[in-house]
Amino acid sequence: MIRFMGVKLASGLAAIFGASILAFIFLRIVPGNPARLILGPLATQQAIDAQITTMGLREPIYAQYLNYMGGFLRGNWGFSYSAGQPVTTQVANRLPATVELALYAFLFAFIAAVVLAVLSTYRRRAIIDGTVRGLAIIGLSMPPFWFGILVLMLFFSYFGILPGPEGRLSPTTAAPDAVTHLYTVDALLHGQFATFLDAVWHLILPAITLGLAPFAFLVRLLRANLLDVSHEAFIVVVRSKGIGRLWAFARHALPNAFLPTLTAAGLILAQLLSGSVLVEKVFNWPGIGALVSDSIVRQDYAVVQAFILLSAFCFVVVNIIVDLLYHVIDPRVRVS
Amino acid sequence: MSDSKAIGARATRTSKVEHTAGDPPEAETVLSVRHIQTEFVTRGTVVRAVRDVSFDVKRAQKVGIVGESGSGKSALALSILGLIEPPGRVTGGSVWLNGREVPLRDDRRMGRVRGREIGLVFQDPMTALDPVQSIGDQVAEGIRRHQRRISRKAVRRMAVQLLQDVEIPMADHRLDDYPHQYSGGMRQRIMIAIALANSPDVLIADEPTTALDVITQAQIMDLLERLVAEHHTAVILITHNLGLVAEFCDVVQVMYAGRLVERSGVDDIFDGATHPYTEALLRSVPRSDHLESGPLPSISGAPPNLAALPRGCAFEPRCPIGHGREVCIQEQPMPILLGPPGAEMRVECHFASERYERARAEGETR
Amino acid sequence: MSDSYRQGLVGRTPGNTAGTDSPSPVPLLQVQDLVKAFPRRAGLFDRRAVSPPRAVDGVSFDVARGETFGLVGESGCGKSTIARCVLYLMRPDSGQVRFDGTDIGQVSTKDLRRLRQRMQMVFQDPFTTLDSRMSAYDIVAEPLLIHGVRGKDERDDRVRQILSLVGLIEDQFNRRPHEFSGGQRQRIGLARALVLNPELVILDEPVSALDVSIQAQVLNLLRDLQQRLGLTYLFIVHDLTIAEYFCDRLAVLYLGAVMELADRETLFREPLHPYTDALLSAVPVPDRRRQRRRQRVIIKGEVVPLSGPQPGCRFRPRCPVGRDRETCANVEPPLREVSPGHWVACHFAGELRNTTVIA
């Protein structure tokens with residue numbers, strides 16, 4: 001077990017290292033002069049040269065890399081020139097919004113996928129199954145930003161039952177005292193029920209929009225697995241003991257069908273945690289995705305670099321958690 | 001041992017009439033199957049997997065069901081248990097256990113019968129156990145389902161006892177292991193333990209040793225033989241292996257194209273089958289006592305398409321006796337009872353009586 | 001006599017004793033001290049590579065032209081691995097495979113290709129080994145294309161001829177595998193193997209997946225083709241009833257080694273190895289009278305793969321004869337010839353038989 005975790009951690013670190021090098025080199029290669037961007041179009045050539053020197057851009061590229069990584073590990077993620085803030089501050093401001101949205105989107109995708117996959121396979125009714133498969137195809141083929149705009153028009157402009165693109169809370173609601181920085185959690189911790197409801201109310205549309213594609217993906221995977229498992233001999237054997245259909249399904253078919261989807265679910269969560277540019281833009285969501293897209297446009301290296309490293313880290317952590325989960329759930333993987 | 005039992009059984013039975021659906025089964029009979037019909041409907045075609053199958057099984061009797069793949073033997077087993085899943089459906093007939101009709105079409109009530117009165121040992125031990133649950137949980141599941149008032153500890157004790165009964169070494173430790181930690185033979189022992197957990201009256205064993213090596217097969221069959229004798233359990237052994245039937249069973253039933261074409265005492269059938277199909281089947285198995293007599297007698301052609309069955313006898317196209325005969329092409333043969341009163345012989349062939357008499361005459365002259 | 005006889009012929013292997021009298025003294029296939037081990041996958045950080053258990057551990061046998069040689073044994077005995085080594089689909093760790101006198105481990109890739117035309121394999125599952133998108137005709141024509149048989153007409157003649165030979169009729173030629181029954185699919189597999197006119201055909205459980213009545217059809221066909229085309233068969237089979245019916249000589253394998261090797265008559269009438277005895281008595285007999293007469297030796301336990309090289313006899317843990325004997329625990333019994341053509345690897349060959357007859 002310890003050996004196994006060692007291997008996993010080592011390969012995770014290797015992945016992060018690889019990502020950091022790629023990100024570093026890639027962003028050095030793209031055209032554009034950062035010094036001019038910082039100082040503006042009117043700056044003199046001398047000033048620009050001086051700026052390049054202070055930024056360390058004259059040093060050999062490996063030295064630049066080592067400088068950067070050393071700083072990164074010490075908590076100095078660089079300075080965002082476009083915002084005039086350290087990157088750490090910016091990320092700290094933006095990350096919670098993305099994490100909260102990602103978690104709710106994942107929750108929606110996951111629960112909806114399980115429920116619908118079960119519904120479509122349990123009784124094998126052609127109508128339900130057809131509907132679910134149709135939904136999955138729609139979910140996979142619809143561009144999320146377009147779907148976001150569609151639901152906004154429908155539920156905000158037309159019915160007026162859900163909030164418009166105004167961010168995480170209504171303008172009149174104050175953010176709860178920060179503990180986890182996730183508004184729904186913090187609000188509950190402080191017993192601010194109205195704030196909690198407001199936060200959830202604002203999360204509904206973006207979470208569904210963001211979770212739609214993952215939902216469609218998971219529901220297809222789960223449905224196929226469930227169909228396979230329900231034809232397995234052991235289900236017949238369980239039933240031959242006198243166990244009812246529902247219990248056999250819940251206790252035997254579902255866990256076995258669920259196991260192979262765990263890896264996919266982990267990857268989806270990691271992807272969601274890295275933020276979504278378009279969905280955040282549509283809902284005016286103050287998350288990391290919007291920040292990164294702005295930074296790319298402004299050629300603000302420091303932010304993009306930090307983001308790439310952060311998402312690599314996120315993937316590695318989620319993967320390790322998934323592997324651990326397999327060890328807990330699947331006896332076949334357990335090291336004896 | 002099986003001989004004396006068969007003789008005893010014969011002596012107590014005097015006459016036998018054709019089954020009708022309402023027949024109250026005889027007292028010593030544990031299981032009666034009456035006119036079971038099972039169909040599978042896919043894309044408009046109806047596959048008639050089981051066609052009007054009726055038979056009785058007495059207490060502690062061992063009945064073999066043989067047939068080739070697609071003959072409906074597995075579908076029959078699942079039909080008796082009420083476990084035919086859509087697109088399949090039991091479209092007719094009834095099953096009686098200890099004189100009471102089994103609620104075949106009521107899944108909830110059927111749950112009280114399955115595992116308690118009828119147990120199932122399924123083929124392929126590799127896929128017959130849930131890979132993510134411990135052996136102990138899977139054995140206990142069946143016990144708890146039917147004996148709700150007993151404590152967790154007692155259930156565990158019973159599970160350990162069951163594993164010891166099927167000769168699993170260190171049963172107490174191995175209870176918490178998972179299926180992948182067991183060999184194929186050991187898993188099949190677990191399957192038997194599960195099937196016998198509530199001492200059912202009838203055990204259906206569907207190809208219980210097909211996936212196993214011969215020595216393991218012999219071990220498993222010995223174990224099964226000992227356990228069913230101890231529990232006085234009746235066994236329906238479904239297999240394609242005629243050797244297994246000869247060694248294990250009292251009575252043989254042969255299925256072809258969904259119908260039970262012949263039922264006979266095991267000695268009768270191996271001395272000389274009456275149905276041409278049974279005869280051909282027996283002759284097509286290589287036997288060391290006639291090795292040099294040229295090619296193996298084989299049955300030409302292939303089993304019929306169950307979605308497009310002929311009007312008459314389904315075996316007619318391949319039959320050495322009836323091929324081309326008008327009566328065989330036109331009429332489905334009805335079961336004919338043969339032999340002395342009480343003999344377990346029943347054959348679906350237009351020429352059954354004729355063939356039976358001739359075989360007996362030949363036997364006497366020999 | 002046996003030992004001096006053996007020494008007289010240097011390098012003699014358990015081959016066909018009759019072979020010395022036949023016009024062609026070189027057996028078609030000679031397998032000598034074949035060894036093949038499958039190293040367990042050692043991880044990146046796992047350097048505890050112990051010597052892995054051998055799937056095939058020093059197997060030798062000869063197959064004479066025109067005979068059917070059977071390899072029997074339980075799963076894990078190495079019979080399929082031997083077949084793959086014979087075809088050089090898998091490289092043996094050591095040992096020799098000689099085909100018609102040529103050591104196929106020594107020949108060039110080009111020559112190996114040519115040799116392979118003369119050795120073909122028929123697999124167990126006719127469904128998974130036929131491409132479902134190809135017609136029967138194309139499946140059988142493919143080897144001809146691969147091995148460059150020129151001339152469209154020549155190819156066409158050959159394919160049609162061989163398909164008719166295995167018993168398919170013209171209007172079935174263009175059907176695909178799923179339109180055939182199991183027995184017919186096996187016929188196609190056989191046609192594919194025979195189209196290149198091989199001398200040796202390796203039959204890997206060719207009838208195990210088939211129904212009883214279909215088994216008989218295919219076995220008859222195999223016999224018929226052997227006689228007509230002068231084929232030599234290496235027959236891998238777990239069903240002893242079929243082995244007895246079909247093979248001229250057989251080797252009984254246990255955990256990668258030959259336990260006993262003899263002609264059919266001898267092996268089934270007078271088995272000397274306790275394992276052979278156990279195997280034979282475990283086979284259910286579809287004959288009530290013979291069944292009652294016979295003695296059953298049901299050994300306990302299951303095949304447990306060896307974890308590495310061990311002293312003594314590999315069958316000892318389950319052996320009713322040698323379980324508690326010191327010799328069996330310490331000395332691996334060599335395969336010795338106890339009578340001409342009858343080879344046994346047991347220190348106490350025949351003992352079980354003698355005691356049970358007395359008892």
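The figures here come from the full heavy-atom set of this structure, side chains too, leaving out hydrogens, waters and symmetry mates.
Proximity of B:Leu296 to C:Phe246: side-chain heavy atoms (C-beta onward) are nowhere separated by under 4.5 Å. Side-chain contact between C:Gln215 and B:Ser298 is absent, with no heavy atoms from C-beta onward closer than 4.5 Å.
With a threshold of 4.5 angstrom between heavy atoms, B:Pro169 does not approach chain C through any atom at all. Of the atoms belonging to B:Glu68, heavy atoms from both backbone and side chain fall under 4.5 Å from chain C. At a 4.5 Å heavy-atom cutoff, B:Met221 makes no contact with chain C through either its backbone or its side chain.
Between chain B and the residues C:Ser75, C:Ala278, C:Ser181, the largest count of heavy-atom pairs under 4.5 Å involves C:Ser75. Comparing B:Pro297, B:Gly185, B:Pro303 by how many heavy-atom pairs each has under 4.5 Å with chain C, the most go to B:Gly185. Note on B:Ser183, B:Gly67, B:Gly184: by heavy-atom pairs under 4.5 Å with chain C, the leading option is B:Ser183.
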**Message:** Determine whether B:Arg318 and C:Ser213 satisfy the following criterion, side-chain contact (heavy atoms from CB on, under 4.5 Å), listing intermediate values before the conclusion.
**Reply:** CA-CA 11 Å; B:Arg318 304 173 77 189; C:Ser213 72; 3.5 Å; yes

**Request:** Run the numbers on C:Val285 and B:Phe270 for side-chain contact (heavy atoms from CB on, under 4.5 Å), then give the verdict.
**Result:** CA-CA 11 Å; C:Val285 184; B:Phe270 284 98; over 6 Å; no

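The minimum heavy-atom distance linking C:Val212 with B:Ser284 is given by the pair CG1-OG, 3.7 Å. The two residues B:Thr216 and C:Glu74 have their closest heavy-atom pair at OG1-OE2, 4.3 Å. Annotation for C:Leu219 and B:Pro286: closest pair CD1-CG, 4.4 Å, computed over non-hydrogen atoms.
Taking CG of C:Leu279 as the start and CG of B:Asp213 as the end, the distance is 8.5 Å to the nearest 0.5 Å.
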